[in-house]
Structures are given as structure tokens and as C-alpha cells.
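Beneath this line is the structure, given in C-alpha cells, with notes to follow.
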Amino acid sequence: MASLVSSPFTLPNTKVENLSSISQKHYFLHSFLPKKLTTKSSNKFKCAAAMGNGLFTQTSPEVRRIVPGNLKNLPTVKIVYVVLEAQYQSSLTAAVETLNQNGGEYASFQVVGYLVEELRDKDTYNTFCKDLEDANIFIGSLIFVEELALKVKSAVEKERERLDAVLVFPSMPEVMRLNKLGSFSMSQLGQSKSPFFQLFKNKKSSSAGFADQMLKLVRTLPKVLKYLPSDKAQDARLYILSLQFWLGGSPDNLVNFLKMISGSYVPALKSTKIEYSDPVLYLDNGIWHPLAPCMYDDVKEYLNWYATRRDTNEKLKNPNAPIVGLVLQRSHIVTGDESHYVAVIMELEAKGAKVIPIFAGGLDFSGPVEKYFIDPITKKPMINSAISLTGFALVGGPARQDHPRAIEALMKLDVPYLVAVPLVFQTTEEWLNSTLGLHPIQVALQVALPELDGAMEPIVFAGRDPRTGKSHALHKRVEQLCTRAVRWAELKRKTKTEKKLAITVFSFPPDKGNVGTAAYLNVFASIFSVLKELKRDGYDIQGLPETAEALIEDIIHDKEAQFNSPNLNIAYKMGVREYQTLTPYATALEENWGKPPGNLNSDGENLLVYGKEYGNVFIGVQPTFGYEGDPMRLLFSKSASPHHGFAAYYSYVEKIFKADAVLHFGTHGSLEFMPGKQVGMSDACFPDSLIGNIPNVYYYAANNPSEATIAKRRSYANTISYLTPPAENAGLYKGLKQLGELISSYQSLKDSGRGPQIVSSIISTAKQCNLDKDVDLPDEGAEISAKERDLVVGKVYSKIMEIESRLLPCGLHVIGEPPSALEAVATLVNIAALDRPEEGISSLPSILAETVGREIEDIYRSSDKGILKDVELLRQITEASRGAVGAFVERSTNSKGQVVDVADKLTSILGFGINEPWVNYLSNTKFYRADREKLRVLFQFLGECLKLVVADNELGSLKQALEGKFVEPGPGGDPIRNPKVLPTGKNIHALDPQAIPTTAAMQSAKVVVERLLERQKIDNGGKYPETVALVLWGTDNIKTYGESLAQVMWMIGVVPVSDTFGRVNRVEPVSLEELGRPRIDVVVNCSGVFRDLFINQMNLLDRAVKMVAELDEPEDQNYVRKHALEQATTLGVDVREAASRIFSNASGSYSSNINLAVENSSWNDEKQLQDMYLSRKSFAFDSDAPGVGMMEKRKIFEMALSTADATFQNLDSSEISLTDVRTLSETVRLDARTKLLNPKWYEGMLSSGYEGVREIEKRLTNTVGWSATSGQVDNWVYEEANTTFIKDEEMLNRLMNTNPNSFRKLLQTFLEANGRGYWETTEENIERLKELYSEVEDKIEGIDR
């Protein structure tokens, strides 16, 4: 065995002296930033559109074809292969050339190879099928993309009997079943009992474990099988040997592999004796360095060799030099396709970092990571940061991943973990020309999956040569990757007193009342608590004010200014020349913004950086996008660029303040939304240029994983989640409260003579509360029967219960302050309200409903209809749920309101069935007979959730990130649906994009779609809507695991089909009989974020719609087909193009920007807003040409929209009844009643002071936005808001004193609503608003005087 362990390993034709020139970097590819940037946008779009077949992969199999001139009339052996990546191309080509040069004596070898992605192209696929017709041997490897696996299967199946040998190495089971070598076959794969097949069974262990078992088997089986007499055993032995040759990958191994297979199985060569040598085996895993004499199996031996190197620079000899661990793919090393690895190693060493490059032959890297990166004795990491250059998840590669195992290994290692990406399916040029950047399948496999392990920084570091298929380094990218890895490593090594941190806050829209905007977060109170903690921890922080309020004053006022200054505090003035020196890409911004300094963040001579330094911490204000004041400019610019002030801010942070890390504070800024490729940026993409080399830590709201993912991918952020404020029930106030009291007296007195009298009071009070828009109320004083009275009361009751139980985030969250136990009650009540069948947990409402012999769904439905006794029953169930959970939480809370040791408390509670607090509580209600066992299971789960809700790791994780440690990853989303989101302080990620929609999401989508269509039918005189327009959001689909995606599928009548690994890459139509209604046409508009995260799903939807448009069905049963045919005729295009229905922004651009226009009141009429929407959102995704990116198809978009009868979108909601379908005007009213006009909500906001006033102003501005875009806001909403915030003197003064700038904006918004005709009110009200406006103007001037 010893000879196996370290067979000497040299690089093919590379002398040592050639390699040292790599560190001088002349011989690499040119950098990809042209010396002078020509006008960017026009060129970019042209080259994208001109890409051949419109697919990502433009390469041709012809570069992998060898057909020798057969002069001696020898038998021909033709080999056809299909592989995932091109690293085998050069080895196989070399092997065949060798065989033909000197092996010309017995056969003439022909070969042609295909990359699996190339088979998407029709012509290429046809050539592939033709090639198989006269092939002798077929080889396939790593075929894991289902739709392509099925194409390979159907082509090879036709020829399998005739082929002499079919060899498939690890791939999907469907393809593995094609294997045949003589009598050896795998057609029984997954069914047979033989131990060999047991390996391929879908075990609980991941497929990475499976690959490792295969490797062990490969090591031992040939020896065992050699002594078995039967042919069967010999065929199986040759299969295993083939696998050894293949995994050995070098040209020599492949020469012997082809000799063995053709000599044993090609009939024409059976009589010829062809000698072949055994496979040369390399280590399964180990350490490899291009200059080392061999591969190492022991890290100490490797480091000893490293210490004796003579070619290293002085920096590397320093015992304190940073050490970076690299994870490599063995197949690249053995096939000699490793120049991109060499480049990274040389670049790191040139930067003064030592490297430990490890590799593994299987798909599980967690073992080697623990073995070679962690000191076996001290258990401490031997490296300071790690980069995986494989691009794959740590465990499982492209097949089935095991994320928990990967996380466990990375937590032990505890260093920053970067996963860089080599181009797999595109050549360098294709990637450079693509506005999308990385190929969608590669984004799914090599960006989304590693993120689930906790990986960051998906930087594309290697390209691919279209001719040889070899990888090559992309210099500028390698340099960026290595510098960033070293900067993360430095965080591990520097002392806290030396470290400099730049905290960046956002101000959006730009106005002094808005500095420190972030979703659900009290920014300044949070920064204050972070700084106090860092100071205690040893960071050098000086001159920190006493309170958070004083901190605000420090930053938003320029202390030097004599009179009114609109300016924030100026931290630095940067001259134009200094700016140009520090900012290499400054000239690229001139096309949009002219010469620096420009007029944003500038005083006409210098660029101004706003903020303030406190010792080693700088708190700065990120400049804004720049075109907020002129949205019309956005109409015409498809892409924009940051302005000079924006670039100057980041140049200051990196090069003048010299930050070791930047902390972006809260959701969210605009850096990550700057123009550039969607994923896998080049150095010409603005987010990449702006963030430069600074490690980026980013506090992000836990419920917004989709935008957090954009920040991870486009600004290389380590995103740390923070809790959204605990939700509470909206409750009832004023007239609504009075209604509640009237209803309860009606219930007790309805059969006495007072019933009718009470009902008329209920009707008049309901009208005063403007409920007549939501409930059909009879005229006051009209005679109505007892039964009708019950129904009227029931409907009003149902409406106010809906308002009462609506969830509100109360106040704003402060980092490092977890909710108290009482604040956690509402969250737990909501967690308890969902059934979780997969965990065997029934919801509390359903347990209680069963007690009275009812089903909870049935109660929800009849309560919606206003059946009085069921509305009352639902209220009792809701109250009992709150009471039972409250009783439980109280039991595990101490006198200070903190949750203490839930586990022990639970054990003692659960010990005796008798005094369980929830049982005690329920014993005094009508639900005293509730099922004890179900309750116990549920409360045990709630106990676990309670611990998570009150745990606090937001500050802890930030400190870990700043110390260069690994931050544990976790899903983002809604903690109520998915308690795994808790505790916060995790490195937040989305989900595997190929995993949605799930079966559960599809179930719930069917219910919602049928309800929606029923409701439309009722409103539509019994006719189905022909087209429904839908909006798809990123976060919503992550939280619901693809519900809105599934809704689109069910509208058009298709269902998703998942593959063996549970990934969804196909759909099938449901028959019209099963559907029981016509197929509804759809127009789908995806947010820019959805487009980035779920490009595979856009592809799937587009394929589904086009498939349905081509079904041969009557047009009155298939509206998709009906409209597509009409549009095809009108526009003179084919049906597939006319059936484009999946739209979004242009690649790399986000948002319709209508909100910007509304915020800034800078639009003239509604038509302008429509134009803005149509021009920004009319880019279609085309599954027939996915490589082209989004293509403008405004005509088709407008025609499709013109057939729409309804618009539908899933709003993210944590309410109990998740399948309600409401109209927009109902939703706007519900929102106004539960938030803007609800004392519980606005008092909660005002308790946060300065930020709270801004939240109230934002609510009103959004309301004007609804008026502008939909006209669905009732007059009373504005009238009541005016009464609440302006007519109440005390309230008015609180607002004016707390945040005068935001109060001024509030007044402006009221005046605008009136001026634009959305609010009719008295002259007197308008006069008062104008007076106040000039008063607050004076006050603002005076404040600054």
C-alpha cells in the first residue's frame, strides 16, 4: 500500500523554473477591463443579443473531435463521451492521440466529446444522436442536471444493445442504469439485493458518503474479484478498474483505460492481445502544491517541506505570515488542468500568505478539512481563512448535499470560508459578454448550495478556453479573491485595539429626517449598543456620546456651520485629484455624471464624506443612488452608475480611513443594487469596484433573506440576521372597541326586546367607522328579520375580529436586546397556530376545535361568511390559545420578565400530567377536554421555540465576524413558519433554488388559486377571468417555499415534477378533465431580486407557459393558447415568442422606481408613472435563449397586460388564516386601520423616538403611492390620519420636536394628497397644514442657527 500513498507527482511539461515567473504575472491573460471604457451600455446589449444560439454554452463539440486518416485499414474504435466539466477534454484528447501515433498497429481511434450543457442546443443534440449511431464505446460522468440526464438517457438507450460498452461514472440513477460491460449491467440499480447495488440505494447518508464508499470499494474490489472465476465477476472487475482509471484522469491512465475496454469488448479486437498497465493510483485526499516533489498525506511533512523552500520571498519566512487553506478538486490535478489553481497559490504567496492546498477525490471535503486544517493536538485551526476553489458545496458536490455535516466541520475550523467559482458551463468570453453573469445552473449548484454551508464571496476566478476546454486564471479576479482572503485572515490576526471599523448607515430618501433608515431597526440605539459592547471588549473607541440621542445629533449636524446647514457632519473633504488617484474607475462614472466633483455630496470643489470618527470607529452616511430627485431620468436610463460622491465614500473608507472591515447597518443600502452582472461579477461591475478589498459585514433583517442574498453575492457580504420586532395583535380602539362592546351585549340580549335596537346602534357605529365599504350594511331603521340581524352582526363581528387579530410589529428592534417573555407570547401564539404535519404537531386552534367536534378550517370559512355563532366560537378559540400560551410562558419567566431555563421548567411541568399550566388554564374554558397528548407534543415544541425567541446572538456573531471567525449560517424567512430562523445572529441564506415549489406549497397554491378564481367568477357574472397578472417576490417565495410560483403553475394547469434528488427542473401539464376548468393565461412580473435568485424557476415558468400555448386544445379551454395565437398574428411572430409571459427588469437593474418618484413628488400625472413601470419592467425571459438574459419585449408585455382581468399577489402574512383572498381596497383599508390609525402601532413607533416619526411619515407616503397607482384609497383614511396626527395638539408637538425633518415631509404629503385630488377636505384643514409647514420650516432653520 505504501506505494499508493505517495507516488511521485509532477506537473505535465512544467519545469520548476517556469513556475516562478507566475508570481511575476506576465504570462497571464490580459486583464478584462478595457484600457478606455467606450460607451458602455449600447455595446453591452449588442454583444449579448448577438450570442449564437441564445444559450449560455456556445462551445461546440467539434473541438473535441478527432478523426485520424486510417491509412492501414485498421478496425475503427469510436468513443463518444459526455461530461459535466471540460477538465477531461485535454487528457482524453492526448490519450487518443497517443494511441493513434504508436498504437496505429491494431486500431484507429476516433473520439468526440460533449459537455452536458451543450445538449440543450437542438442541432448539437441531433449531432450527438448521430454520433452514437456508429459509436463503439459511450462514456458519461457527473450527469446531474435532470432535463439533460433524460436527453442523454433517451439517446443512449436507443443504441445501448448495439454499443460494445457503456460506461457511466457517478451520475443520476437514470443514467447509471445504462451501464453495460459484457454481462455486467446496472439496469437493476436501486432494486437489486447485491451488495454492489446497495451502494447506489438512496441511503440516509448523503451522496457524498456514497461517493466515498465507492472510492473505498474501488480500492479493494478489483483484488477480491480477480480470484472469482465467473465472467460476471471479471466484467464487474473491469468496470471498477475503469472507474479507477477514470478517477486517475492522467493521459497515461486514460490510454490504458481505452486499451483495456477496446481490447476486451470491441468484437473486431477480441482476437488481438492488447497489453495494458494497471491504473496509477493517486491519493484519495491529501495536500498538493505545484512545486512540491509529491502529494502529502500528513500536514506536518508538508509544512516541513514548505519551510525548506528556497524560492520564497521574505514575507513568507515570517513566522506570523497569514496562512490560507485552499480546497481543490482532485480531478483537475490528475488531469493536468490546474493552471488556475497554480495562479491562486502563486498570487497568495506573492502577497505574503502561506498556503495549505488540500484535495479530495470523492465529493466529501469535510474529512480532509478537519484532517489537514485543524491541529490534531490543540484542536485550533492551522489556517486564518479558507477558500474552496471547487465552487461546490463542502459535502456532496453537484449531487445530494449534507449541509449539517459541512457546517459542523466549518464550525470546528472557525475561520472565514470563501467559495470562489471557476466557470464551468461558459467560456470566458461568454461570461464577459453576458449581462446575467453566471449560468443559472451554475448559480444553483455553485453559489446557492455553498451559501447553505455558510460560504461567502462567490468571485469568478477562472475561465475556460473554448478550444482546449482547459481552465485558465482570470488575473484581476484572482487578485481580488486573494487580497480579500488575506484581508479576512488579517482580522483573525490583528489585535482589537489596532482594528478599524467603518459603520455605514443609510439615508433614504436623502433628507436629514432619514439618516439611519433600516427596516424594523432602531439604528442609532443599535449602533450605540454595539459601540458600548465593542469598547468593553477592547476596541479603541473615543469620544462616544453619553446617549443614542446625542449620537444622532453628532452625526446629523455640522457643528462648524454658522447658520442653517442642510449638511450632515463632514468627516472629510476629498479634492478632485485625490479622488481620481484613489478611484481607478472614476472615468467610467463620467458618462452618467460628467466630470467630478459633480453636484452630489460635493461643495463644488471637493467631494464630501459625511460622518464622524470616534477613535478607530468611523460612522459614515452612505450617499444615495443619486437620481432620486429626477426620476424622469430613470425612464431613459436602462442602466446607471454610482455618482462620484458614492465612489468617493468607499475610496475614503478603504484608502484614507483604512478600515479593516465595513459594517453596513440594517436593511438596506444601495451598494449591492448598483449596475453590473447579476451574479459572478467582473471587474467592470460597480458593486465589485466599490467594495474593493474591504471585508463586508452586514446586519440584515431575518425576514428578508432574498435581498440579503443579493448583498452576499454582489457586495460579498457576511450577512448577520437581526430579529424583527415581536409581533402583537392590532387590538381594537375608539369606535371599533365600542363596536366590540355592542356586539357582546347583542349576544346576551338578542332574544329580549332590545335586539333590534342594539343592531341599529351597531349599524350606525359601523358606518362611523367606515366599515360600510367592507360589509353590506342595511339602511339605518330598516326592518330586518332576526336571522338577518344575526348575519349583519356576524359580518361586522368577523371584520373587527380580522382587524383585532392582525399582527403588527410593535416598535423597532434594538440590536442586542432580545424580546422579553411577554413580548414573545404573541409570536408563540402564532407559531402554535400552524399545523406542522411533517413533525407530527397539530396546531392549537385545531386541537381546540376538535374538542367541540369541529374542524378549524370549517370554522374559519363560516366565520368569513359572517355566521354569528362561528365568529363567536373562533373568538373563543383565539382567546383560549392566547391564554394557554400566556400561562405556559408565565411559568418559565422570572420576576424581571426574563425567560429562565425553559428546559428544566418544562421537564418539571411535563413530569405530572395534572398541573400543566396550559391544562390548568383550559380547564376553566369550554375546551377543558382538549387532547392532552397532542397538547403536550405541541407545548414541548413551543418550549424549544421560546428558548430560540429570547436567545440573543446578534452582538456575539458580529464580534465573531470582526475577529475573523466563522459565523454559523441559518435560513432567513418568517420565524413563525420556520422557527429555524431563530435565534438571530446567523449568516443568513436563502434556499436551494431547485427545491421549490415543494409539495406542500403546491397544495396550498391550489387552494388559493381556486378561491381566487371562484371570487373572480362571482364578481364577473359567472365567467372565469381569461388572464390574471401576478407579481413574484423573492422573500415571499423563500418563506413559503415557492407558493406564488406554484400559483402561477396551477393557473395554467401544470404541475412540477421533481427528480431523484428532489430538485424541480421539469413540469407536466394536467389534463383539462382533471383541472375541471379552462387554463388561465398569466402575465408574471418578477422583482429584480426574484430574477436574480430564481432564474432557474423563471426558465421553468417560461417553458411551462410555452408548452401550454402549444397544446392542441380548444381555445375556450386554454386561454394561454387563445391569446398567444391572437398576439402572434397581430405582431407577426411565432407562437412561442408571442407566449412570452415572464417579465422583470433588464439584467442587473432593480425596481420600477415608482416608489422613488412618489417619495419625491416629482411626477406630473399617473400616466408618467405607468410609463415608468412599463419601460423598467418589460424585459422578458426566454427559455429558448436563456443565455441572452432579459430581452425588451414591451409590445408583447402591453398586449398581454391588456387581456388581464385581475392582478394578484401574495402578500407576506403571518396571520392565522393564510389562504384569505382580499381585494386591494380591502387590504389598504385593513392596513390603515391596523397600522397608520391604530394607537398601538403609532405609539409603539414613537417609543423609538426619531426613527419612529419617520416610520409614520413613510406609512402616509405609501398610502399616497396606493392612490397614485391604483386609486384604491378611501377619502376617510386621509381624513382620520389628519385628525390623529394634526388636529391633536399634543401629538402634533411630539412629532415636530422629535424629528422636525420627517414631520415637514408628513405635512408635505398631506398637502400633496389634497393637491393631486386624492383627499377632499375642508379649506380650514388645508390652511392649518400650510401654517404648520411654514412654522416647521422656521423651526428647522432655527435649530441649526
Side-chain angles (χ1 to χ4, degrees), residues 703 723-732 800-811 818-836 839 841-851 856-857 859-860 863 871 873-893 897 899 902 905-906 909 916-922 924-927 930-931 934-950 973-979 981-982 1039 1212-1218 1220 1234 1238 1240-1241 1244:
N703 68 353
L723 202 57
T724 47
E728 290 186 32
N729 301 99
L732 298 175
I800 66 169
M801 287 315 297
E802 177 183 28
I803 294 167
E804 192 277 338
S805 58
R806 178 89 174 197
L807 287 182
L808 302 179
C810 276
S820 69
L822 280 175
E823 290 171 325
V825 171
T827 307
L828 286 179
V829 169
N830 289 299
I831 289 177
L834 294 181
D835 276 316
R836 299 172 199 272
E839 298 167 61
I841 296 170
S842 309
S843 73
L844 189 48
S846 67
I847 298 174
L848 299 180
E850 279 168 19
T851 319
I856 190 71
E857 270 307 311
I859 300 175
Y860 286 145
S863 164
V871 182
L873 177 60
L874 185 56
R875 187 191 63 79
Q876 291 167 345
I877 288 177
T878 310
E879 231 161 71
S881 302
R882 291 177 192 169
V885 173
F888 162 60
V889 172
E890 202 176 309
R891 190 62 86 74
S892 40
T893 311
V899 172
V902 182
K905 284 276 167 41
L906 256 180
I909 292 173
E916 295 168 342
W918 52 90
V919 175
N920 280 350
Y921 177 86
L922 292 174
N924 301 320
T925 67
K926 62 155 50 166
F927 308 108
D931 183 320
K934 283 186 178 171
L935 286 172
R936 183 173 296 192
V937 172
L938 171 66
F939 276 91
Q940 226 156 354
F941 172 70
L942 292 180
E944 289 306 308
C945 295
L946 179 59
K947 275 194 289 199
L948 297 176
V949 175
V950 297
D974 175 3
I976 288 169
R977 275 175 193 263
N978 181 8
V981 168
L982 303 167
K1039 290 183 186 175
D1212 199 37
S1213 112
S1214 352
E1215 296 157 64
I1216 295 181
S1217 185
L1218 290 166
D1220 291 342
T1234 51
N1238 183 355
K1240 196 165 180 179
W1241 181 81

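Heads up: numbering here begins at 1 and tracks the sequence. Just so it is clear, the model here is predicted, and its values are computed rather than measured.
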*Would you please name every residue forming a side chain to side chain contact (heavy atoms under 4.5 Å, CB included) with Tyr921, sequence neighbours left out?*
Ala884, Ala887, Thr925

*Atom OG in Ser863, atom CD1 in Ile856: separation rounded to 0.5 Å?*
9.5 Å

_For the student: nearest non-hydrogen atoms of Ile859 and Ala849, plus distance_ = CD1-CB, 3.8 Å

_If you compare all heavy atoms of Leu935 against all heavy atoms of Leu922, which two are closest, and at what distance to 0.1 Å?_
CD1-CD1, 4.0 Å

*Taking atom CG of Asp931 and atom CD1 of Ile847, what is their separation to the nearest 0.5 Å?*
7.0 Å

_What's the separation between atom CG in Asp974 and atom CG in Leu834, rounded to the nearest 0.5 Å?_
8.5 Å

_Any side-chain heavy-atom pair of Leu848 and Ser881 under 4.5 Å_ = yes

_For Asn1238, give me all partners under side-chain hydrogen bond (donor to acceptor under 3.5 Å, both in side chains), at least two apart in sequence or on another chain._
none

*Val949 versus Pro975: any side-chain heavy-atom pair under 4.5 Å?*
no

*Please name the pair of heavy atoms, one in Pro979 and one in Arg836, separated by the smallest distance, quoted to 0.1 Å.*
CD-NH1, 3.8 Å

*asked:* What's the separation between atom CZ in Arg977 and atom NZ in Lys1039, rounded to the nearest 0.5 Å?
replied: 9.0 Å

_Contacts of type side chain to side chain contact (heavy atoms under 4.5 Å, CB included), residue Ser843, not counting sequence neighbours_ = Asp835, Pro845, Ser846

*Looking at Asn729 and Ser805, what are the two nearest heavy atoms and their distance?*
ND2-O, 3.3 Å

_My understanding is that only residues two or more places apart in sequence, or in another chain, count here; which of them pass salt bridge (charged side-chain N to carboxylate O under 4.0 Å, His left out) with Arg882?_
Glu804

*Atom pair OH (Tyr860) and CD1 (Ile877), whose distance is rounded to the nearest 0.5 Å*: 7.5 Å

*Would you please name every residue forming a side chain to side chain contact (heavy atoms under 4.5 Å, CB included) with Thr851, sequence neighbours left out?*
Phe927, Arg929, Ala930

*Partners of Glu879 by salt bridge (charged side-chain N to carboxylate O under 4.0 Å, His left out), sequence neighbours excluded?*
Arg875

*Can you list the residues that meet the side-chain hydrogen bond (donor to acceptor under 3.5 Å, both in side chains) rule with Lys926, with sequence neighbours excluded?*
Gln876

*Would you call the rings of Trp918 and Phe939 parallel, tilted or perpendicular if under 30° counts as parallel and over 60° as perpendicular?*
parallel

*So, for Ser842 and Leu938, which heavy atoms are closest and what is the spacing to 0.1 Å?*
O-CD1, 3.7 Å

*asked:* Could you measure the distance from the CD1 atom of Ile831 to the CG atom of Leu946? Nearest 0.5 Å is fine.
replied: 9.0 Å

*Can you tell which of Val885, Val889, Leu844 makes a side-chain contact (heavy atoms from CB on, under 4.5 Å) with Val829?*
Val885

*asked:* Set out, in order, the CA-CA distance, both residues' side-chain angles and the distance that settles side chain to side chain contact (heavy atoms under 4.5 Å, CB included) for Met801 and Leu874, then state yes or no.
replied: CA-CA 9 Å; Met801 287 315 297; Leu874 185 56; over 6 Å; no

